[in-house]
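It should be emphasised that the depicted structure is a prediction, and the values quoted were computed from it without experimental measurement. Just follow the structure's listing: the first ligand is 1, and inside any ligand the first atom is 1. Computed over heavy atoms, backbone and side chain alike; hydrogens, waters and symmetry mates excluded.
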Amino acid sequence: MAGALRRFVENKPGARICLPTGATPRPAYHRFAGDRGTLSSATIYLLDEFGLPPGSPSRCDEMIARDLLDRLEVPPGSFHALDVGAGDLEAECARYEASVRAGGLDLAVLGLGGNGHLGLNEPGSDRTSVTRVVSLTPETSEHSTDYGSDQAATWGMTMGIDTLLSAAEIWLLVTGSHKAAILRRTLSDPIGPDVPSTFLRLHDAVTIYADQAAAARL
Ligand code: PGA
């Protein structure tokens, strides 16, 4: 995936890319930076953000800095993130959505939640959803502390399913045996909000990067 990302930005100067955080993309980000990959011509949009205080180690802006941006020799051409500290969260989501849509996304890179969420589009998220404030399920809330924060997030902000499906190309990253069942369901359950990742089957340019453990039940 690190090599594919390098080729993608080489072939498309000025690419507009949505990037995820979390445990899944970390090794690929480290490899990308270690191989001296550059995003200097790219515009990066962060996929989502937890409702946690600035500087919290579980914040997505902190994770992308730690795992990718701080390791690059040159910063990205531009970098955009959702401000969970904004006074008017609805207005902040509308601003972000408009900014994403203004130039579109050439690529959306995504991880897969154990419950089928994409970004923080939890089960129940509609096909037509856009960037918005969301409540987290208990399992996602608990998972938010795995990234270093003592405090669990109970809400967040995320690009919506429609925002993500508007990308020209989508890469879904899935690793580990704990993701095998949900990867299988992503590809075989009825398409709908119960398992939001099933909506990816409505898109015609999705590539899944899975390791052997995650692919074991396909
Ligand atoms: P993970 O998170 O990469 O840390 O497993 C993925 C997700 O919950 O969306």
Side-chain angles (χ1 to χ4, degrees), residues 1-2 5 17-32 44-52 56-69 81-82 84 107-125 129 131-161 163-165 167 170-187 189 193-200 203 206-217:
M1 182 256 160
L5 183 60
I17 303 174
C18 160
L19 289 180
T21 53
T24 309
R26 189 174 298 141
Y29 289 162
H30 290 189
R31 171 68 70 89
F32 180 84
I44 304 300
Y45 283 89
L46 200 51
L47 169 63
D48 52 4
E49 187 56 274
F50 288 118
L52 290 170
S56 163
S58 290
R59 282 260 301 233
C60 300
D61 55 359
E62 291 288 325
M63 286 195 269
I64 197 102
R66 216 160 57 220
D67 291 334
L68 180 64
L69 302 184
L82 282 154
V84 291
L107 172 65
V109 183
L110 304 172
L112 177 62
N115 62 2
H117 72 205
L118 300 173
L120 293 173
N121 290 284
E122 299 277 47
S125 297
S129 57
T131 304
R132 66 202 188 289
V133 179
V134 289
S135 298
L136 304 184
T137 59
E139 64 181 312
T140 300
S141 178
E142 197 180 314
H143 188 43
S144 71
T145 61
D146 294 344
Y147 307 123
S149 169
D150 295 336
Q151 183 188 340
T154 58
W155 64 279
M157 290 159 83
T158 183
M159 288 190 199
I161 297 292
T163 323
L164 297 173
L165 292 181
I170 298 175
W171 298 352
L172 180 69
L173 315 184
V174 199
T175 55
S177 57
H178 62 301
K179 297 286 178 72
I182 194 62
L183 179 56
R184 182 184 173 84
R185 294 187 65 189
T186 296
L187 299 180
D189 270 24
D194 288 353
V195 182
S197 52
T198 57
F199 286 124
L200 291 175
H203 196 280
V206 178
T207 302
I208 298 175
Y209 291 85
D211 66 2
Q212 295 281 345
R217 294 179 65 174

**Prompt:** What are the two closest heavy atoms between K179 and G114, and how far apart are they?
**Reply:**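 So the two residues come closest at CE-N, 4.2 Å.
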**Prompt:** In terms of atom number and element, which parts of ligand 1 are under 4.0 angstrom from non-hydrogen atoms of G113?
**Reply:**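 Reading through ligand 1 atom by atom, the close ones are 7 (C), 8 (O), 9 (O).
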**Modelled atom types, side-chain donor and acceptor of N121 and R132, under 3.5 Å** = yes
**Prompt:** Under 3.5 Å between some N or O of ligand 1 and some N or O of A23?
**Reply:** yes
**Asked** Below 3.5 angstrom, do we get any N/O pair linking H117 and ligand 1?
**Response** yes
Looking only at atom types and distance, does a side-chain atom of [X] sit under 3.5 Å from a main-chain N or O of [Y], one as donor and one as acceptor?
X	Y	value
D211	G176	yes
S149	Q151	yes
H203	L164	no

Minimum-distance protein heavy atom relative to [atom]:
atom	result
atom 3 (O) of ligand 1	T24 OG1, 2.5 Å
atom 2 (O) of ligand 1	Y147 OH, 3.2 Å
atom 5 (O) of ligand 1	K179 NZ, 2.8 Å

**Prompt:** Should E62 and S56 be marked as a side-chain hydrogen bond (donor to acceptor under 3.5 Å, both in side chains) after you check the CA-CA gap, both sets of side-chain angles, and the distance that decides it?
**Reply:** CA-CA 7 Å; E62 291 288 325; S56 163; over 6 Å; no
**Prompt:** Can a non-hydrogen atom of R26 be found less than 4.0 Å from any atom of ligand 1?
**Reply:** no
**Asked** What do we get for L112 next to ligand 1 when only non-hydrogen atoms under 4.0 Å count, side chain, backbone, both or neither?
**Response** backbone
